[in-house]
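Quick notes on the structure that follows.
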Protein chains: 2
Amino acid sequence: MKIVDLRGRYYKEVEEVQYLIKRSDVETDLYEAAVKEIIKNVKERGDEALVEYTEKFDKIKINPEDLIIPFEELEKAYDEIEEEVRWAFEVAYERLYEFHELQKEKSFFKEEDGIILGQKVVPLEKVGLYVPGGKAAYPSSVLMNAVPARVAGVEEIVMCSPNPNKYTLAAAFICGIDTVYRVGGAQAVAAMAYGTETVKKVDKIVGPGNIYVALAKKNVFGVVDIDMIAGPSEILVIADETANYKWVAADLLSQAEHDELAASILITTSEDLAKNVKNYLYNEILKDFSRKEIAEKSLNNYGHAFIVEDLETACELANYLAPEHLEVVTNNPFDLINKIKHAGAIFLGHYSTEPLGDYILGPNHVLPTSRSARFSSPLGVYDFVKRSSVIYVSKEGFERVANHAINMAKSEGLEAHALSVKVRKEDI
Amino acid sequence: MKIVDLRGRYYKEVEEVQYLIKRSDVETDLYEAAVKEIIKNVKERGDEALVEYTEKFDKIKINPEDLIIPFEELEKAYDEIEEEVRWAFEVAYERLYEFHELQKEKSFFKEEDGIILGQKVVPLEKVGLYVPGGKAAYPSSVLMNAVPARVAGVEEIVMCSPNPNKYTLAAAFICGIDTVYRVGGAQAVAAMAYGTETVKKVDKIVGPGNIYVALAKKNVFGVVDIDMIAGPSEILVIADETANYKWVAADLLSQAEHDELAASILITTSEDLAKNVKNYLYNEILKDFSRKEIAEKSLNNYGHAFIVEDLETACELANYLAPEHLEVVTNNPFDLINKIKHAGAIFLGHYSTEPLGDYILGPNHVLPTSRSARFSSPLGVYDFVKRSSVIYVSKEGFERVANHAINMAKSEGLEAHALSVKVRKEDI
């Protein structure tokens with residue numbers, strides 16, 4: 001195996017890149033006490049606490065009756081936004097809906113000699129969606145979180161956001177969110193988990209958020225379900241000499257602009273490509289790029305280019321890093337699909353730029369980060385349903401299996417387990 | 001709504017039974033520091049730490065080379081156990097395998113005007129199974145945790161148990177566990193999460209355990225995936241006057257014998273049934289029951305009988321409590337199936353006693369507890385696979401969606417997201 005990076009470092013094994021993995025150093029201890037206090041307060045004092053925190057943290061003075069954003073505001077936002085944006089949202093909603101319908105799971109039953117066994121798939125009843133305010137207010141997140149819940153058949157979807165802009169409200173309108181609450185942070189999470197006079201209690205809370213939101217979600221996990229806690233965004237581009245360096249550079253930058261901790265990694269068989277991408281990024285695009293400060297920090301700290309001897313090695317390295325987004329920029333990208341084991345979403349070919357997947361194609365953009373693609377999936381319909389086993393045993397079926405159960409109960413020393421079978425046997 | 005319990009208390013709404021819900025009062029803070037210390041030590045000192053902890057906690061003196069239980073011991077255990085138990089294990093394995101195969105999910109792809117979208121379903125690579133030692137060593141747990149992983153296609157399944165008995169080893173043999181390690185507690189979880197010289201690092205850890213194991217699993221979550229943290233066991237029996245009181249009593253006892261915190265709840269339309277069940281339990285079966293001490297505590301604290309006016313009310317109450325196990329003991333149990341929304345496993349009819357499901361029927365016995373059936377599912381094949389989105393966009397497909405993505409990027413102020421689409425547009 002031969003791997004070298006643009007900084008001139010050589011690697012003999014994929015594990016040697018593990019220094020790339022650690023990115024976040026947030027001292028969660030500093031926030032934990034504050035989050036616990038907020039949750040306790042919301043649980044005990046309900047709306048009153050929400051109003052106080054909204055004034056304190058979001059600098060918005062409201063009364064409890066303003067906690068619900070009136071439906072008319074959503075409708076108005078939908079009418080107000082630019083026509084081409086509204087159209088894009090509508091197309092995105094439709095494409096997302098269509099794709100996620102393919103994920104729907106059916107209940108099943110089988111019958112065999114007097115024993116019926118099955119699995120009943122039931123949507124969650126109530127889901128709460130958190131949408132950050134301010135700079136990180138992404139209307140696409142509303143679509144990505146709401147559509148799979150909608151497709152799953154969730155009865156009621158509510159949303160919390162401290163200060164949603166018109167795009168976010170328009171997206172909520174398109175998704176048919178039942179109620180939008182003007183509340184953010186850990187207090188929003190607490191309200192959705194425990195309920196207040198105004199905010200309805202839900203069964204699952206999804207959506208991104210800052211450290212307060214993330215810690216609050218962890219804290220209420222068990223009382224309600226939560227989605228994964230997302231780490232900083234990542235892209236890994238596998239490319240050969242057929243790749244267009246400008247296109248690859250733009251794709252890498254589209255992650256770097258998200259967050260100073262975002263990681264953008266190129267793995268290529270072409271040293272020329274790696275050098276061209278780097279030069280173009282630093283000497284051309286970044287020069288007058290609006291989000292230069294964020295992107296430059298991200299690229300300097302977490303941008304990497306590796307040169308490998310072949311595409312198989314590139315896949316091995318990619319599997320080790322298990323990236324959130326993986327692009328394969330070659331002429332025959334489908335050739336590699338069986339070599340790719342771990343990635344949240346795999347973008348194949350020159351035109352499959354990752355931002356298309358963020359917005360419009362149909363698959364979800366909520367994806368496993370920080371190597372968790374080894375064991376996690378994109379957000380999907382499966383996250384908004386749950387299953388129950390269904391069992392029916394007739395007298396005949398009972399007689400076929402009864403003794404086996406008694407013998408297993410004996411091996412575990414569970415007398416009453418055996419007894420519940422025996423009392424029925426005796427009465428037959 | 002009319003609900004009364006055998007203690008003479010009346011209820012007007014199902015929410016009034018919420019005092020039943022809180023059962024555990026374990027002060028986890030007391031254990032957390034110890035667990036963190038163990039994990040740190042295993043991470044840093046590997047096998048050496050495992051050997052020390054095994055001597056300290058499990059009172060077993062071993063060398064690093066004894067950490068692996070030789071395959072011959074598994075084979076020997078399989079040969080040694082009683083023939084009828086071995087047979088029961090084999091039948092259980094086969095029935096479990098057959099049922100779980102129905103849960104298998106397929107990859108899918110769809111193509112539409114130059115855009116291919118799909119979802120690739122891939123099994124996890126390595127899974128670690130924890131099996132408690134001592135009194136709670138349940139061979140059926142080995143089967144229940146290993147079979148769905150096996151059906152999913154997991155390449156390697158390892159198991160940790162501090163002091164497995166012959167039944168547990170025989171079950172491991174039947175499941176074809178790749179390696180069994182003689183190590184328990186938080187140290188076993190740490191070893192499987194981070195790897196040591198001898199213990200292989202896995203991607204997901206499943207299986208029950210004491211408070212140390214549960215806290216260690218929570219702690220390593222993120223580094224690896226974990227299954228749910230199980231609470232004390234629960235059964236809820238809905239029964240009408242057609243139910244046999246002896247059978248119902250035995251079924252309730254089969255949960256009560258597990259654990260002093262286990263809950264056994266009867267909801268019935270027949271006051272006579274409730275009284276007969278109670279009398280029979282306390283005056284007959286419990287008298288010389290081997291696990292009397294545990295069962296009596298459990299029944300006194302967490303045993304309840306409710307009398308309701310009709311079966312619909314019974315279902316409402318059951319949905320509120322969202323029990324792990326739900327029995328419907330009536331002549332037409334299928335009539336109620338659509339009224340039952342939340343339960344881990346639903347057992348229908350007089351002969352479907354819950355212990356049959358614990359052992360032999362086929363569905364999994366690892367089920368959501370503590371009301372989490374509102375949002376969680378039985379352990380299944382879906383817990384041992386993960387999905388990746390697959391996206392291919394041709395030039396034609398690109399042209400159809402490019403502008404929408406640019407417009408959405410604008411609404412979010414993400415310049416490089418738009419740029420990655422624009423650079424391609426310019427070059428076309």
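Reminder, nothing fancy here: chain letters follow the sequence lines and each chain counts from 1. For clarity, every value in this text was computed on a predicted model and none was experimentally measured. Both backbone and side-chain heavy atoms feed into the values below; hydrogens, waters and symmetry mates do not.
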Output yes when a side-chain donor or acceptor of Lys120(A) lies under 3.5 Å from a complementary backbone atom of Ala345(B), and no otherwise.
-> no
Using a cut-off of under 4.5 Å for heavy-atom pairs, which of Ser290(A), Gly380(A), Gly349(A), Pro368(A) has the most such pairs with chain B?
-> Ser290(A)
Under 4.5 Å to a heavy atom of chain A? For Leu102(B) that would be both
Heavy-atom proximity to chain A below 4.5 Å, by part of Leu143(B) | side chain
Under 4.5 Å from any heavy atom of chain A - which part of Phe347(B) = both
Okay, Lys110(B) and chain A: the region with an atom under 4.5 Å from a heavy atom over there is side chain
Less than 4.5 Å apart, any side-chain heavy atom of Leu361(A) and any of Val393(B)?
-> yes
Measure distances from Arg371(A) to the heavy atoms of chain B and classify the residue's part below 4.5 Å as side chain, backbone, both or neither.
-> neither
Identify, with sequence neighbours excluded, every residue that meets salt bridge (Lys or Arg N to Asp or Glu O under 4.0 Å) alongside Glu257(B).
-> Arg291(B)
Residue pairs involving residues 398-407 of chain B (criterion salt bridge (charged side-chain N to carboxylate O under 4.0 Å, His left out); sequence neighbours excluded) = Glu112(B)-Arg400(B)
Are Ser411(B) and Phe89(A) close enough, and set up right, to give a side chain to side chain contact (heavy atoms under 4.5 Å, CB included), and what steps lead you there?
-> CA-CA 10 Å; Ser411(B) 81; Phe89(A) 284 3; 3.9 Å; yes
Out of Leu117(B), Val122(B), Asp383(B), which one racks up the most heavy-atom pairs below 4.5 Å with chain A?
-> Leu117(B)
Engaged part of Leu252(B) at the chain A interface, taking heavy atoms whose separation is under 4.5 Å | neither
Looking only at non-hydrogen atoms, find the nearest pair between Trp247(A) and Val423(B) and report the distance.
-> NE1-O, 3.4 Å
With a 4.5 angstrom heavy-atom cut-off, could you sort out which part of Val390(B) is near chain A: side chain, backbone, both or neither?
-> both
Taking Phe334(A), Tyr351(A), Tyr167(A) one by one, which has the highest count of heavy-atom pairs under 4.5 Å against chain B?
-> Tyr351(A)
Against chain A, label Ile406(B) side chain, backbone, both or neither, depending on which of its atoms sit under 4.5 Å from a heavy atom there.
-> neither
By a 4.5 Å heavy-atom criterion (distance strictly below it), what part of Val223(B) contacts chain A: side chain, backbone, both, or neither?
-> backbone
Residue part contacting chain A, namely of Asp358(B), when any heavy atom lies under 4.5 Å = side chain
Judged by modelled atom types alone, do Ser420(A) and Glu354(B) share a side-chain donor-acceptor pair under 3.5 Å?
-> no
Out of Leu367(A), Val91(A), Ile229(A), which one racks up the most heavy-atom pairs below 4.5 Å with chain B?
-> Val91(A)
How long is the span from the OG atom in Ser107(A) to the CD1 atom in Ile337(B), to the nearest 0.5 Å?
-> 9.0 Å
So, Asn407(A) versus Trp87(B): side-chain donor-acceptor pair below 3.5 Å or not?
-> no
Please report the shortest heavy-atom distance between Tyr138(B) and Leu414(A), naming the atom on each side.
-> OH-CD2, 3.9 Å
Sort Ile116(A) into side chain, backbone, both or neither according to what part of it lies under 4.5 angstrom from a heavy atom of chain B.
-> side chain
Heavy-atom pairs under 4.5 Å with chain B are the metric here; pick the option from Ile81(A), Val224(A), Val421(A), Val85(A) that has the most.
-> Val224(A)
Between the CD1 atom in Ile391(A) and the OG1 atom in Thr353(B), the distance rounded to the nearest 0.5 Å is 10.5 Å
Just by modelled atom types, is the Ala373(A) backbone N or O under 3.5 Å from a matching donor or acceptor in the Lys386(B) side chain?
-> yes
Of Lys422(A), Lys204(A), Arg374(A), Lys410(A), the largest count of non-hydrogen pairs under 4.5 angstrom with chain B goes to Arg374(A)
Non-hydrogen atoms of chain B under 4.5 Å away: do they reach the side chain of Ile428(A), the backbone, both or neither?
-> side chain
For Leu348(B) and Tyr392(A), which heavy atoms make the closest approach, and how far apart are they?
-> O-CD1, 3.2 Å
Side-chain contact test, heavy atoms from C-beta onward, threshold under 4.5 Å: evaluate it for Phe108(A) versus Gln103(B) and give yes or no.
-> yes
Taking the side chain from Glu415(A) and the backbone from Phe289(B), do they hold a donor-acceptor pair closer than 3.5 Å?
-> no
Got a second to check how far Asn364(A)'s CG is from Ser389(B)'s OG, nearest 0.5 Å?
-> 7.5 Å
Using a 4.5 Å cut-off on heavy atoms from C-beta on, say whether the side chain of His417(B) contacts that of Leu253(A).
-> no
Ile360(A), part contacting chain B, at a heavy-atom distance under 4.5 Å | side chain
Do the non-hydrogen side-chain atoms of Glu412(A) and Ser140(B) ever get within less than 4.5 Å of each other?
-> yes
Pro378(A) and Arg387(B) have their tightest heavy-atom pair at CD-O, 3.0 Å
Examine whether an atom of Ala409(A) lies under 4.5 Å from a heavy atom of chain B, and if so say whether it belongs to the side chain, the backbone or both; otherwise answer neither.
-> both
Option in Gln119(A), Gln255(A), Lys246(A), Lys166(A) with maximal non-hydrogen atom pairs under 4.5 Å from chain B = Gln119(A)
Ser352(B) versus Phe398(A): any side-chain heavy-atom pair under 4.5 Å?
-> no
Rounded to the nearest 0.5 Å, the CD1 atom of Ile115(A) sits from the CZ atom of Phe99(B) at a distance of 12.5 Å
Atom group of Val401(A) that falls short of 4.5 Å from chain B, counting heavy atoms = both
Could you tell me the separation between the CD1 atom of Ile340(A) and the OG atom of Ser388(B), rounded to the nearest 0.5 Å?
-> 9.0 Å
So, Lys341(B) and Glu155(A), do they make that salt bridge, N to O below 4.0 Å?
-> yes
Exercise: do Glu125(A) and His342(B) side chains pair donor with acceptor under 3.5 Å = yes
Non-hydrogen atoms of chain A under 4.5 Å away: do they reach the side chain of Asn244(B), the backbone, both or neither?
-> side chain
Given side chains that start at C-beta, do those of Ser372(B) and Asp225(A) come closer than 4.5 Å, heavy atoms only?
-> no
Derivation of the ring pair (Phe, Tyr, Trp, His ring centres under 6.0 Å) call for Phe221(A) and Phe221(B) = CA-CA 13 Å; Phe221(A) 177 51; Phe221(B) 176 51; 7.7 Å; no
Contact origin within Ala92(B) toward chain A - heavy atom pairs under 4.5 Å = side chain
Any side-chain donor-acceptor pair under 3.5 Å between Lys395(B) and His350(A)?
-> no
Salt-bridge criterion met for Arg424(B) and Asp251(A) (N-O under 4.0 Å) = yes
Contact class of Ile346(B) relative to chain A, heavy atoms under 4.5 angstrom | both
Side chain, backbone, both or neither: which part of Ser376(B) has an atom under 4.5 Å from a heavy atom of chain A?
-> backbone
Heavy-atom contact with chain A under 4.5 Å, split by part of Thr168(B) | neither
Report yes if the side chains of Tyr359(A) and His404(B) come closer than 4.5 Å at any heavy-atom pair, otherwise no.
-> no
